Number of protein chains: 2
Amino acid sequence: MTHSETRERPGKEERLVTSARELLHEQGVQCTTLAEIAEAADVPPGNVYYYFKTRDDLLRAVIDSRADNVRSLLASLDRRATPQARLKGLARAWADSAEVVAAHGCPLGSLVSELNKLDESLAKDASGLLRTLLDWAESQFREMGRRDAGDLAVTFIAGVQGAALLADTLSDAKLMTREARRLERWVESLG
Amino acid sequence: MTHSETRERPGKEERLVTSARELLHEQGVQCTTLAEIAEAADVPPGNVYYYFKTRDDLLRAVIDSRADNVRSLLASLDRRATPQARLKGLARAWADSAEVVAAHGCPLGSLVSELNKLDESLAKDASGLLRTLLDWAESQFREMGRRDAGDLAVTFIAGVQGAALLADTLSDAKLMTREARRLERWVESLG
DNA sequence: GTCTATATAGCGATAGAC
DNA sequence: GTCTATCGCTATATAGAC
């Protein structure tokens, strides 16, 4: 970090990651060029390589940034009193972002899905995003005294991700909110 | 069709669509080049354009081919006696292809997901694949006397698609079979 | 009708000027 | 440390030979 960054707008590296995050979500990984990312970040095109050695390095930085978001979301949910309340809060997070999900897909699911085909190494990194969610959900179900906590976590996250795919495909935000609400009721019914 | 196609292997156009189907599923839409498709179909590279005016035209042919598969699968399930048996048969179809799904994703879901980002026009065409499944499932739930047939159809197809994404991401075929079996029991419990 | 050679364009990446 | 000019590659698509 240089001396001036504390008072001005974020540094170029941070701006590149932020722009890349948004564009990858809106346009997909393969459709987004370094030139577009650089322009959105207001950084000269060829200059990207000063901050990231390769395009994949920038993609990895985006994955890390998403991972930070997931961790901080889960950390905020951990403050809730009961595992049911925590799980319902997670479902609510998707309901709250239904419009974005219907427009561009789940930021996590669509990224992972695309990388699964694109690059084995990046896919492995990105799989951690879903794994973190699954592990956290499993912990909550276990705290509820469920022996089948792992299966319940899969059902929960799969329900959210499948609904996100359908909402995106049909451009139907309400589909996402309805399914998220149903999952909240389902969690309640297990209590 | 020429005079010789009846006795020999499928014509070049058909071979191109078949090869494209497989490669698009295994490698994704964007990672698969026309040259690869042509080579797999044993057709000279530049010659693809004699059969398909553009790359998108070939992609559309693949979508149509997938749509035919979906329709014939649903037609075969329609022969079963009860809507429960039909829905369970649909879930079983994914359980039976769990290995392929864990290796390359759901052939329908991953295609639709990728096209959602890639091209609006193709995405619209491909969305029909999921729409057909949803409409058919809704009919079955309605025949079971459920007022919320549309919501149940969403839950059902979302569950399958979400599980396919997780199975692909974690390379875990058993995850797909477990979740498909759970959906079968769920359908049974609604009867 | 069938196929080859090539045009065109856009991307990631690099070398080196400032 | 910052940026520009450009290289090399690959993909779609076309023009035209056979």
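As the structure is a computational prediction, the values presented were derived from the model and not from experiment.
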Output a table of donor-acceptor pairs, distance under 3.5 Å, between side-chain atoms of residues 184-191 of chain B and any protein atom two or more places apart or on a different chain; print 'none' if there are none.
residue, atom, partner, partner atom, Å
B:Glu184, OE1, B:Arg92, NH2, 3.1
B:Glu184, OE2, B:Arg92, NE, 2.8
B:Glu184, OE2, B:Arg92, NH2, 3.4
B:Glu188, OE1, B:Lys88, NZ, 2.4
B:Ser189, OG, B:Trp186, O, 2.6

Are B:Asp119 and B:Asp56 close enough that some pair of their side-chain heavy atoms sits under 4.5 Å apart? yes

NZ/NE/NH1/NH2 to OD/OE distance under 4.0 Å, A:Arg146 and A:Asp148: yes

Across the strands shown, which category fits A:Phe52 at heavy-atom distances under 4.0 angstrom: base, sugar-phosphate, nothing? nothing

Roughly how many Å is it from CG in B:Leu58 to C1' in D:dA13, rounded to a whole number? 14 Å

Tell me, for nucleotides 11-18 of chain C in 5' to 3' order, what letter each nucleotide earns: B for a base near a protein heavy atom under 4.0 Å, S for only sugar-phosphate near one, - for neither? SSBB----

Interatomic distance where CG belongs to B:Leu16 and C1' belongs to D:dT12 [whole Å]: 15 Å

Tell me whether the OP1 or OP2 atom of D:dG1 has a side-chain N or O from A:Lys12 closer than 4.0 Å. no

Under a 4.5 Å cut-off applied to non-hydrogen side-chain atoms, are B:Leu166 and B:Asp172 in contact? no

If you define the side chain from C-beta out and look only at heavy atoms, does anything of B:Ser110 sit under 4.5 Å from B:His104? no

What is the distance, to the nearest angstrom, from the CD atom on B:Glu13 to the C1' atom on C:dG1? 14 Å

Quick one: B:Ile37 CD1 to D:dA11 C1', roughly how many Å, whole number? 12 Å

Return the value, rounded to whole Å, for the distance between atom OH of A:Tyr50 and atom P of D:dG1. 4 Å

Can you find a heavy atom in the side chain of B:Lys124 that is under 4.5 Å from one in the side chain of B:Glu120? no

